[in-house]
Visitor: 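The structure follows.
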Amino acid sequence: MAVTPLNALHQFLTVARHRGFAPAAAELGVSASALSQTVRQLEERLGVPLLSRTTRSVAVTAAGRKLMEQAGPGVAQALGALKDASAQPGEVTGTLRLTLPSGALPFLLAPLVPSFCQRYPKVELDLVVDNRKADIVAEGFDAGVRMEEYLERDMVAVRMSAPFRFVVVASPAYLKRHGTPKKPKDLLLHNCFAYRSSNTGALLPWDLEKGSRTWRLPVRGAVTTNDERVWVGLAEAGLGLCYVPESQVAARLKEGTLRLVLEEYAASVPGLFLYFPSRARVSPAFRAFLEHTRQVLNPPARTRTKER
């Protein structure tokens, strides 16, 4: 088949979404070299570079990002319409792309995804676990999952979880060897696993609170990561303290392999929200996912739009 501008546009958008030719080629069922040639021809046709290529990475240029933002939703809508055209009456089809942080996995995967896939077998779920704050419009996501403080402006947000606590935990063995912190400032004397922001590269402090008082502690330790799941295993092995959503360690706390530290200072957050652009066209697949989320998770009622 001859490569038309629309075909080339679709292929460019796939490369830009994956940030690489190899995974995009695998999705499209073409060779990486043929895909690279198609994108180059599109760049020559437009007269601007869309991608910045190195031997190790592919980045989207300013012109490429503008093209993603303007053309991406339309191409996704057209592809969805083609799938919908082949569906039986009342059957939900399509692809649903979600971005979510690793901390959201316990809230989403076990209770929600298996039952959704069973109920809607013709919907393809593309879940991208990434602690980086993604631009869901430019990167072609239908929606994202984040805590309220990280939501962008002009987004519709639907609650997925009740408010929860961030807690400090350590193994009994660590506490026996090094003692148990009694006050927030004591954490500065302990091996505390630090979290590095995927967006800024900065080390994030641990937030604690009690009544009207709050503490932001610039903790440091032997291990720094951008995925809190790494900490839990290290803390359980007795190497230090970690700071995580309480749900992530509930089973270990019950088993006694981890213990709460400074529980009276645990900070509460409003919860997790599913968010999407207020001006977006909601596909049948995404509408089904929204309804399924409400039915299965049954979070406290709260939906709101953040205004500029």
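Residue indices begin at 1 and follow the sequence shown. All values derive from a computational prediction rather than experimental measurement. Below, all heavy atoms of this structure are taken into account, side chains as well, without hydrogens, waters or symmetry copies.
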Visitor: Closest heavy-atom contact between L241 and A170?
Guide: CG-CB, 3.9 Å
Visitor: What's the spacing between S31 OG and F21 CZ if we round to 0.5 Å?
Guide: 11.0 Å
Visitor: As a quick check of understanding, evaluate side chain to side chain contact (heavy atoms under 4.5 Å, CB included) for L272 and F164, giving each step before the final call.
Guide: CA-CA 9 Å; L272 287 173; F164 58 87; 4.1 Å; yes
Visitor: Measure from the side-chain N and O atoms of T225 to the backbone N and O of V230, and report whether any donor-acceptor pair falls under 3.5 Å.
Guide: no
Visitor: How about R294 and L290: do any of their side-chain heavy atoms sit closer than 4.5 Å?
Guide: yes
Visitor: Does the side chain of H178 reach to within under 4.5 Å of the side chain of N191, using non-hydrogen atoms?
Guide: no
Visitor: Tell me whether T257 contacts the main-chain N or O of E236 through its side chain, where contact means a donor paired with an acceptor under 3.5 Å.
Guide: no
Visitor: Tell me if the centroids of the rings in Y195 and Y243 come within less than 6.0 Å of each other.
Guide: no
Visitor: To the nearest 0.5 Å, what is the distance between CZ (R165) and CD (E209)?
Guide: 10.0 Å
Visitor: If you round to the nearest 0.5 Å, how far is CG of L262 from NZ of K210?
Guide: 9.5 Å
Visitor: Is there a path of hydrophobic side-chain contacts, each under 4.5 Å between heavy atoms, that joins V244 and L260?
Guide: yes
Visitor: Heavy atoms only: give me the nearest Q295-R119 pair and the separation to one decimal.
Guide: OE1-NH1, 2.8 Å
Visitor: Given R19 and V60, is the side chain to side chain contact (heavy atoms under 4.5 Å, CB included) satisfied, shown in steps?
Guide: CA-CA 8 Å; R19 297 296 195 272; V60 182; 3.9 Å; yes
Visitor: For V232 and L258: C-alpha separation, side-chain torsions, deciding distance, then whether side chain to side chain contact (heavy atoms under 4.5 Å, CB included) applies.
Guide: CA-CA 9 Å; V232 176; L258 290 176; 4.2 Å; yes
Visitor: Has S36 got a side-chain atom pairing as donor or acceptor with A32's backbone, closer than 3.5 angstrom?
Guide: no
Visitor: With rounding to the nearest 0.5 Å, note down the distance linking CG in L96 to OH in Y120.
Guide: 11.5 Å
Visitor: Between the main-chain N or O of V128 and the side-chain N or O of R97, is there a donor-acceptor pair closer than 3.5 Å?
Guide: no
Visitor: L203, W231: one ILVMFWY side-chain cluster at the under-4.5 Å cut-off?
Guide: no
Visitor: Rounded to the nearest 0.5 Å, what separation is found between the CG atom of N131 and the OG1 atom of T99?
Guide: 9.0 Å
Visitor: Side-chain contact, heavy-atom cut-off 4.5 Å: T293 with V158?
Guide: no
Visitor: Report whether L297 and L100 are members of the same hydrophobic cluster (ILVMFWY, side-chain heavy atoms less than 4.5 Å apart, transitive linking).
Guide: yes
Visitor: How long is the span from the CG atom in L208 to the CH2 atom in W215, to the nearest 0.5 Å?
Guide: 7.5 Å
Visitor: Do the non-hydrogen side-chain atoms of R17 and F141 ever get within less than 4.5 Å of each other?
Guide: no
Visitor: Between V223 and L239, is there a shared hydrophobic cluster once you connect ILVMFWY residues whose side-chain heavy atoms come closer than 4.5 Å?
Guide: yes
Visitor: Are the side chain of T61 and the backbone N or O of L50 linked by a donor-acceptor pair below 3.5 Å?
Guide: yes
Visitor: Side-chain contact test, heavy atoms from C-beta onward, threshold under 4.5 Å: evaluate it for C242 versus V169 and give yes or no.
Guide: yes
Visitor: Using atom types as modelled and distance alone, determine if a side-chain donor or acceptor of R259 lies under 3.5 Å from a backbone N or O of L175.
Guide: no
Visitor: Side chain of E148, backbone of A157: donor and acceptor closer than 3.5 Å?
Guide: no
Visitor: Are V48 and M68 connected in the hydrophobic side-chain network, where two residues link if heavy atoms are under 4.5 Å apart?
Guide: yes
Visitor: Give me the atom names and distance for the closest heavy-atom approach of F276 to D142.
Guide: CB-O, 3.5 Å
Visitor: Of the non-hydrogen atoms in L274 and A143, which two are nearest, and what is the gap between them?
Guide: CD1-CB, 4.0 Å
Visitor: Restricting to non-hydrogen atoms, name the atom on P101 and the atom on R146 that form the minimum distance, rounded to 0.1 Å.
Guide: CD-NH1, 2.8 Å
Visitor: What closest approach, in Å, do R53 and L51 show between heavy atoms, and which atom pair accounts for it?
Guide: NH1-O, 3.7 Å
Visitor: Is the closest side-chain heavy-atom distance between M155 and P277 below 4.5 Å?
Guide: yes
Visitor: With side chains defined as the heavy atoms from C-beta onward, is the minimum distance between F166 and D207 less than 4.5 Å?
Guide: no
Visitor: If you count the non-hydrogen atoms of other residues, nucleotides and ligands that lie under 6.0 Å from CZ in R45, is the total more than 12?
Guide: no
Visitor: State, with a plain yes or no, whether a side-chain heavy atom of K122 is found less than 4.5 Å away from one of V92.
Guide: no
